[in-house]
Amino acid sequence: APVLIEQTIGRGLRLPYNGQRTGNDKVDKLTVVAHDHFDSIITAAQDPNSILNKMSLIEISKDELKEEKQPVTIKPVLQARFEEKQKEILAIADKQKQQSEQNSLDAQKAIIHVLPELNTLPEVHCVDDYRQEKIKKKVMEEVEKTFQRQGNLFTEQIMAEVKEVYDSIVTEYKNNIIEIPRMDLAPADTKALFKDFNLDAEGMNYQALNQEIIRMGLTDRTVETIEVHSSGYHNDPIKEIINTLLDYPEIDYDENAGLLRKLAAQATEALETNLDNHDEIAEVVYQFRSAIAEKIYQQMNDHFELKELPDNKPKVLPFVKIEQWNYSALLNAGYRDYRNIIIPKSLIPKLIFRGFQKACHFEYKFDSETEQNVAFILENDKKVLKWLRPAPNQFHIYWNRNSQRYEPDFIAETADTIYMLEAKAAGEIDSNEVGAKKKSAEDYCKNATEYTTQHGGKPWKYGIIPHDAVSRTNSLAYLAERFVE
């Protein structure tokens, strides 16, 4: 990371002797040795605006000084309403009325808390199933156990409230969430394999390098050559290559030991064939081990296979709770109405937008103007019933060989469909990364649709919307027609 490089060099440049040069060239000189990005550091150092040329100046803009931040938690709509109701109850002067209102609120909160926890019951496939008498009875039993464990003195009164408000709370819960199926998409459902192949050793004609360090001054551009001496000891070439290959996290030695040894031996044989002095093979492998390993790794990737295991059907739970968001907000004017046009656009990621009525949270942050405009479309489209900007842990969708989690930008529900939408820069849509995420998201939608349609629910569809196609005058139907398959 550039900042780490600058900080590291900065520590070395601090003068230890009362901030003065000593006149001894070896003491006063800082040498940066063998960094992977050495050339880029040299180039950057020549830039007049480089931090390396501003050693006595620290620049902080006035705006940055004013940007004090505070942590903010954005809870789902019902929880946010409960918190507001709690404030109103605490302000009631009549203690008897206050306790009555508190009992009613505690009953509502308890029901909302228990509903998603009982989604593993075999009879539960959607929120409406909680209206069944036997499910309703189980919910009430669980609620009563909770208050009894807490030793609540008003358990009897609260349970009377639970029976009174149960049906209306289930309806309110359904109206303020999108029923997002949770799937157990564990990495163990697939097996990573590197298929056997013979190495293409073309280009492996490295020769031993001279044992010297070339040092160039950043300010005066003077070049010095420093002679160095090697101990002469190097590991076995084949083992050296294998050890370097194991730095790649995808390569497991136990699973691929035979293939690794075979490829390392073929690389060593090719290198030795091209050497002028065969005795230098261990030294050449040591000097070029990273480049050799990278060539082998690239070819291994061409023979990589992610094999699905038999019966790889994910376990599906009917719905999960809506997760809360954790943001940082500017203390000074950190909030805006979502309808506002923000200038400059670079300010958008720093702001929290509010004013939503159909979203599953009252406030959201956006990474770009495109995302803000998509939110505007979803909020104002009459055909959109509810929408959500999912928190990072809302979905368990994986890509890149099950090593990274995909976080979709938006979920929108209409009368007959639930859409998973991604807003993306037009130039990035055809990239390998976006393609891999798209496949994982489409797999989720396929399995979700299979489950929900069996139980009277809505199908899920996925679409990627390019930034240059988004306008506040669009409708979701228009975007779906063009970009949802």
Side-chain angles (χ1 to χ4, degrees), residues 178-183 185 306 314 322-323 325 338 345 348-349 353 356 358-361 364-381 383-453 457-485:
I178 296 175
E179 296 187 40
I180 299 173
R182 176 171 177 175
M183 298 179 198
L185 300 173
L306 195 61
I322 302 299
E323 299 289 346
W325 272 98
Y338 78 94
K345 297 176 184 178
I348 291 173
F353 293 86
F356 305 112
K358 294 196 293 187
C360 294
H361 302 81
Y364 287 124
K365 266 191 169 187
F366 303 110
D367 295 329
S368 64
E369 181 188 38
T370 300
E371 290 184 353
Q372 184 192 353
N373 287 341
V374 171
F376 181 95
I377 293 168
L378 299 179
E379 181 68 21
N380 291 280
D381 190 327
K383 293 186 177 180
V384 175
L385 304 177
K386 294 169 281 185
W387 65 276
L388 166 70
R389 182 154 169 75
N393 57 337
Q394 185 70 67
F395 284 87
H396 296 266
I397 303 174
Y398 296 91
W399 67 286
N400 191 18
R401 303 170 187 170
N402 289 326
S403 65
Q404 293 177 269
R405 183 183 289 187
Y406 169 56
E407 300 168 11
D409 289 335
F410 297 95
I411 306 297
E413 182 175 353
T414 65
D416 55 10
T417 307
I418 297 178
Y419 295 95
M420 179 182 290
L421 303 172
E422 181 81 13
K424 210 72 184 171
E428 297 177 6
I429 289 179
D430 293 329
S431 69
N432 292 335
E433 178 178 325
V434 173
K437 292 178 179 178
K438 179 174 183 284
K439 183 181 183 306
S440 296
E442 287 176 338
D443 286 344
Y444 175 92
C445 290
K446 176 184 175 183
N447 286 294
T449 298
E450 185 176 320
Y451 179 86
T452 56
T453 53
K458 302 173 183 179
W460 282 67
K461 296 182 180 181
Y462 180 73
I464 301 176
I465 306 171
H467 78 282
D468 54 6
V470 175
S471 166
R472 292 192 177 196
T473 60
N474 293 151
S475 67
L476 175 59
Y478 170 80
L479 295 173
E481 182 67 29
R482 293 186 62 190
F483 304 111
V484 176
E485 297 176 4

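Along the sequence shown, residues are numbered consecutively beginning with 1.
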*Asks:* How long is the span from the CD atom in Q372 to the CG atom in D367, to the nearest 0.5 Å?
*Replies:* 12.0 Å
*Asks:* Quick check against the 3.5 Å criterion: does H361 have a side-chain atom that pairs as donor or acceptor with the backbone of P390?
*Replies:* no
*Asks:* Please collect all ring-ring contact (aromatic ring centres under 6.0 Å, His included) contacts where either partner lies in residues 400-435, sequence neighbours excluded, each pair once.
*Replies:* none
*Asks:* Let me know which of K439, K446, E442 forms a side chain to side chain contact (heavy atoms under 4.5 Å, CB included) with Y462.
*Replies:* E442
*Asks:* Using the six-membered ring wherever Trp is involved, compare the ring planes of H396 and Y398 and label them parallel, tilted or perpendicular (cut-offs 30° and 60°).
*Replies:*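 Correct class here is tilted.
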*Asks:* Could E413 and K458 be called an ion pair, given the rule that one side-chain N must be under 4.0 Å from one carboxylate O?
*Replies:*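 Yes, this pair counts.
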*Asks:* Find the distance between OG (S475) and CD (E481) and round it off to the nearest 0.5 Å.
*Replies:* 10.0 Å
*Asks:* If the condition is side chain to side chain donor-acceptor pair (under 3.5 Å), which residues does E379 pass it with, not counting sequence neighbours?
*Replies:* W387
*Asks:* CZ/F376 to OG1/T473 distance, rounded to the nearest 0.5 angstrom?
*Replies:*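 That separation rounds to 9.5 Å.
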*Asks:* Using salt bridge (charged side-chain N to carboxylate O under 4.0 Å, His left out) as the criterion, list what pairs up with E369, not counting sequence neighbours.
*Replies:*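 Partners of E369 by the salt bridge (charged side-chain N to carboxylate O under 4.0 Å, His left out) criterion, ordered by chain and then number, come out as K345.
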*Asks:* Short question: side chain of Q404, backbone of N400 - any donor-acceptor pair under 3.5 Å?
*Replies:*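 Checking the backbone N and O of N400 against the side chain of Q404, no donor-acceptor pair under 3.5 Å is found.
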*Asks:* Do P181 and T452 touch side chain to side chain, with heavy atoms closer than 4.5 Å?
*Replies:*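 A side-chain contact under 4.5 Å exists here.
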*Asks:* Using only atom types and a distance under 3.5 Å, with no angle test, would you say the side chain of T414 pairs donor to acceptor with the backbone of V384?
*Replies:*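 Judged by distance alone, no pair lies under 3.5 Å.
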*Asks:* Is there a donor-acceptor pair under 3.5 Å between the side chain of T449 and the backbone N or O of W460?
*Replies:* yes
*Asks:* Taking A480's backbone N and O only, do any of them form a donor-acceptor pair with K461's side chain (distance below 3.5 Å, no angle check)?
*Replies:*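 Not confirmed, K461 side chain does not pair with A480 backbone.
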*Asks:* I need the minimum non-hydrogen distance between C360 and I322, along with the two atoms involved.
*Replies:* CB-CG2, 4.2 Å
*Asks:* Under 3.5 Å, is there a donor-acceptor pair between the side chain of N447 and the main chain of Y444?
*Replies:* no
*Asks:* Is a side-chain N or O of N373 found less than 3.5 angstrom from the main chain of V470, in a donor-acceptor match?
*Replies:* no
*Asks:* Partners of K365 by side chain to side chain donor-acceptor pair (under 3.5 Å), sequence neighbours excluded?
*Replies:* none
*Asks:* How long is the span from the CG atom in L378 to the CG atom in L385, to the nearest 0.5 Å?
*Replies:* 11.5 Å
*Asks:* Using atom types as modelled and distance alone, determine if a side-chain donor or acceptor of D381 lies under 3.5 Å from a backbone N or O of L476.
*Replies:*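 Judged by distance alone, yes, a pair lies under 3.5 Å.
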*Asks:* Who are the side chain to side chain donor-acceptor pair (under 3.5 Å) partners of H467, not counting sequence neighbours?
*Replies:*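 Applying side chain to side chain donor-acceptor pair (under 3.5 Å) to H467 gives none.
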*Asks:* Going through the distances and angles, do M183 and Y451 end up as a side chain to side chain contact (heavy atoms under 4.5 Å, CB included)?
*Replies:* CA-CA 10 Å; M183 298 179 198; Y451 179 86; over 6 Å; no
*Asks:* State plainly whether the residues R389 and E407 are in salt-bridge range, i.e. N to O under 4.0 Å.
*Replies:*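 E407 and R389: not salt-bridged.
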*Asks:* What's the spacing between Y364 OH and L388 CG if we round to 0.5 Å?
*Replies:*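 Result: 4.5 Å between the selected atoms.
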*Asks:* Heavy-atom count around K358 NZ within 6.0 Å, excluding the residue itself: above 12?
*Replies:*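 Atom NZ in K358 is packed in, count exceeds 12.
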*Asks:* What pairs with E422 under salt bridge (charged side-chain N to carboxylate O under 4.0 Å, His left out), at least two apart in sequence or on another chain?
*Replies:*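 So E422 forms a salt bridge (charged side-chain N to carboxylate O under 4.0 Å, His left out) with K424.
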